[in-house]
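Please read the structure below before turning to the comments.
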Amino acid sequence: MTQLFEELDSRGLVKQSTIELERLKSILNGPSLSVYAGFDPTKSSLHVGHLIPIMILARMQTAGHRPICVVGGGTALIGDPSGRDSMREMLTEEKIQENMRGIQAQLSRFIDFSEEKALLVNNYDWLGFENYIDFIRKIGPHFTVNRMLNADCFKIRMEKGLSFLEFNYMILQAYDYFTLYKKYECTLEIGGDDQWSNIIAGVELVRRIEGREVFGMTNPLLTRSDGKKMGKSEGGAIWLDAEMTSPFEYFQYWRNTTDDDVVRFMKIYTFLPISEIERYSSMKGEELNEAKEILAYEATKILHGETEALKAKEAALNLFRKGSADGAPEITMNINLLNGKLLADICVNAGLFDSKSEAKRMILQGGLTMNGVKIEDVAKTVSASDFSKDIIELKKGKKTYLNIKVVR
RNA sequence: GGGUCAGUGUCCGAGCGGCUAAAGGAGGCAGACUGUAAAUCUGCUAGCGUAAGCUUACGGUGGUUCGAACCCAUCCUGGCCCA
């Protein structure tokens with residue numbers, strides 16, 4: 001008997017449930033069941049915004065349940081209209097296959113897929129082979145269009161137009177649940193609160209066809225206290241793929257959490273015991289920096305492992321406390337591309353800026369530092385004295401560091 | 001299928017023949033202040049060029065005009081109304 005329900009509830013992860021809380025509690029805390037959450041393979045990497053259901057599944061697994069991650073290879077061909085006001089770009093099957101591989105790798109950082117302790121399935125495996133007529137004969141009678149049109153997730157789109165293609169999304173997701181129930185005895189679906197309509201559609205479908213009650217639960221959609229979207233930062237989304245967002249950047253993302261969010265995020269995004277997290281909730285002002293560091297370290301550790309997390313922490317310490325550029329993100333460049341070249345050009349080559357115009361703008365605004373010295377001359381060229389240590393330390397603004405290692 | 005309205009920069013959204021690289025807002029970046037926070041204030045926010053300047057850009061394509069995001073034709077996409 002675990003305290004899973006209390007665990008999730010105290011971390012603020014329960015928003016709505018298809019059953020009363022008391023029953024939800026006994027189900028969550030009861031014998032092992034299979035629980036599923038869906039992930040859209042629309043990109044080759046998941047990002048911070050996907051983390052909540054992942055963390056919930058991970059906690060469920062720890063409590064003895066079996067997570068089923070459904071990668072929507074089939075539904076991605078349709079596009080979920082929930083929460084968006086325009087139609088999604090359609091993806092090719094090849095692209096989806098490719099994306100799935102990346103997503104799978106990332107999920108396994110959080111969830112143990114060995115010995116079938118968790119499953120990863122692609123809904124294309126069942127959706128892709130359905131015959132249209134058979135399918136609508138089987139499923140169609142159980143849905144009324146009237147009801148569907150009333151679903152929240154379609155509401156916004158009623159204004160802007162909703163294609164029949166997307167209208168089917170809900171039915172397909174419901175069918176997923178039905179299939180998972182049949183195949184794996186899956187009796188719980190979780191998802192963000194925007195998935196509520198889709199989840200209850202699945203719950204109802206199973207009840208109508210199988211006469212069996214299955215459950216659904218949503219987590220609150222997280223917005224940051226400053227109103228910004230979760231998972232977005234300076235450069236864009238924060239990805240779980242280390243190639244797309246380095247462990248250092250990932251660490252920094254969490255380290256820069258707004259004061260008001262630190263404790264809330266610790267509850268959601270780390271495995272630290274609630275009792276320990278509570279200690280930080282009394283912290284105010286500058287003290288919270290300590291909490292932020294712990295949040296960043298823990299979150300990075302879960303995804304990238306302890307070694308990387310320590311490295312990131314160390315680098316941050318050097319950069320922001322000691323003023324040393326040790327451990328900053330580093331790239332190597334051949335000396336031929338550096339000596340005598342325009343600094344602005346070098347920065348663009350190094351990926352610090354997207355264009356030369358941007359680089360120049362930044363210099364004019366006093367936002368570029370090289371080897372600890374603010375660069376004020378747009379026409380600055382790099383010479384041997386600038387890389388006498390075989391390294392050029394660049395800093396854009398206050399927080400973006402990049403070391404260029406010189407290859408002779 | 002008919003009618004009608006619309007399609008603008010990352011997003012929202014003004015412009016409706018020259019003064020428009022395109023108002024305003026949001027977002028992003030930078031500077032100041034700070035605690036690697038928030039709030040606030042300031043600047044920047046297509047590319048290329050040290051620069052004068054040049055090149056792309058207002059759904060696509062053609063056209064009218066000295067000159068078009070703006071006018072015309074046609075096509076595509078979407079809304080609404082009718083069938």
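Since the structure is predicted, the reported quantities are computational estimates derived from the model, not experimental observations. Throughout, protein chains are lettered first and strands after them, A, B, ... in sequence-line order, and every chain is numbered starting at 1.
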Nearest-angstrom distance, C1' atom, B:A14 to B:G7: 15 Å

Note: A:K25-A:D9 ion pair, threshold 4.0 Å (strictly below): no

P spacing across the pair B:U74 / B:C5, given as an integer number of angstrom: 14 Å

B:U40 to B:U50 separation - P atoms, rounded to the nearest Å: 38 Å

Nucleotide B:A51, atom P - distance to CG of A:D377 in whole Å: 12 Å

Parallel, tilted or perpendicular: ring planes of A:Y269 versus A:F265, cut at 30 and 60 degrees: perpendicular

Closest listed nucleotide, where the reference is the side chain of A:S357 and the choices are B:A37, B:G47, B:C33: B:G47

A:E286 CD - B:G35 C1' separation (whole Å): 4 Å

Shortest non-hydrogen contact from A:L57 toward A:C69: CD1-SG, 3.8 Å

Residue met sooner reading RNA chain B from 5', once A:K284 and A:D345 are mapped to nucleotides: A:K284

Interatomic distance, A:L343 CG vs B:U50 P [rounded to whole Å]: 14 Å

Taking every non-hydrogen atom, the tightest pair across A:W254 and A:A296: CB-CA, 3.6 Å

Pair assignment for RNA chain B - dot-bracket with | for other-strand partners, Watson-Crick or G-U under 3.5 Å: ((((((((.[[[..)..(.....]]]((((((.......))))))(((....)))...[[[[[..)....]]]]]))))))).

Presence of salt bridge, A:E393 and A:K405, under 4.0 angstrom: no

Pairwise P distance for B:G15 and B:U65, with rounding to whole Å: 28 Å

Candidate nucleotides B:A30, B:G35, B:U36, ranked by approach to the side chain of A:K292 - the nearest: B:G35

P spacing across the pair B:U10 / B:C81, given as an integer number of angstrom: 33 Å

Cationic tip of A:K313 above A:Y297 ring, under 6.0 Å, 45° of axis: yes

A:K380 side-chain N/O to B:U50 phosphate OP1/OP2 under 4.0 Å: no

A:M362 side-chain proximity, nearest of B:A30, B:U50, B:A37: B:A30

Pairwise P distance for B:A38 and B:C44, with rounding to whole Å: 23 Å

Spacing between A:F353 atom CZ and B:A46 atom P, to the nearest angstrom: 16 Å

Sugar-phosphate only, base, or nothing, as touched by A:Q252 at under 4.0 Å among non-hydrogen atoms: base

Sugar-phosphate only, base, or nothing, as touched by A:R361 at under 4.0 Å among non-hydrogen atoms: sugar-phosphate

Touch class at under 4.0 angstrom, heavy-atom based, for A:K360 against every strand present: base

Between C1' of B:U34 and CG of A:N289, the distance in whole Å: 11 Å

Side-chain N,O (A:S355) to OP1/OP2 (B:C48) below 4.0 Å: yes

side-chain N/O A:K399 vs B:A37 OP1/OP2, d < 4.0 Å: yes

Integer-rounded Å distance: B:A30 C1' and A:E376 CD: 14 Å

Between B:A46 (P) and A:D354 (CG): distance, integer Å: 13 Å

Ionic contact status for A:K301 with A:E308, cut-off 4.0 Å: no

Distance, rounded to the nearest Å, where A:F248 contributes CZ and B:U36 contributes P: 14 Å

Whether A:N29 side chain and A:F5 backbone form a donor-acceptor pair below 3.5 Å: yes

Minimum-distance nucleotide to A:K396 side chain [options: B:A32, B:C29, B:U36]: B:C29

Polar pair under 3.5 Å, donor/acceptor by atom type, side chain A:Q365, base B:G43: yes

Salt bridge A:D261-A:R264, side-chain N to carboxylate O under 4.0 Å: yes

Closest listed nucleotide, where the reference is the side chain of A:K356 and the choices are B:G47, B:G35, B:U50: B:U50

Whole-angstrom distance between B:G47 and B:A83, as gauged at atom C1': 50 Å

Nearest-nucleotide comparison on RNA chain B, the residue closer to the 5′ end among A:E293 and A:G366: A:G366

Span that lies between the C1' atom of B:C11 and that of B:U55, in whole angstrom: 26 Å

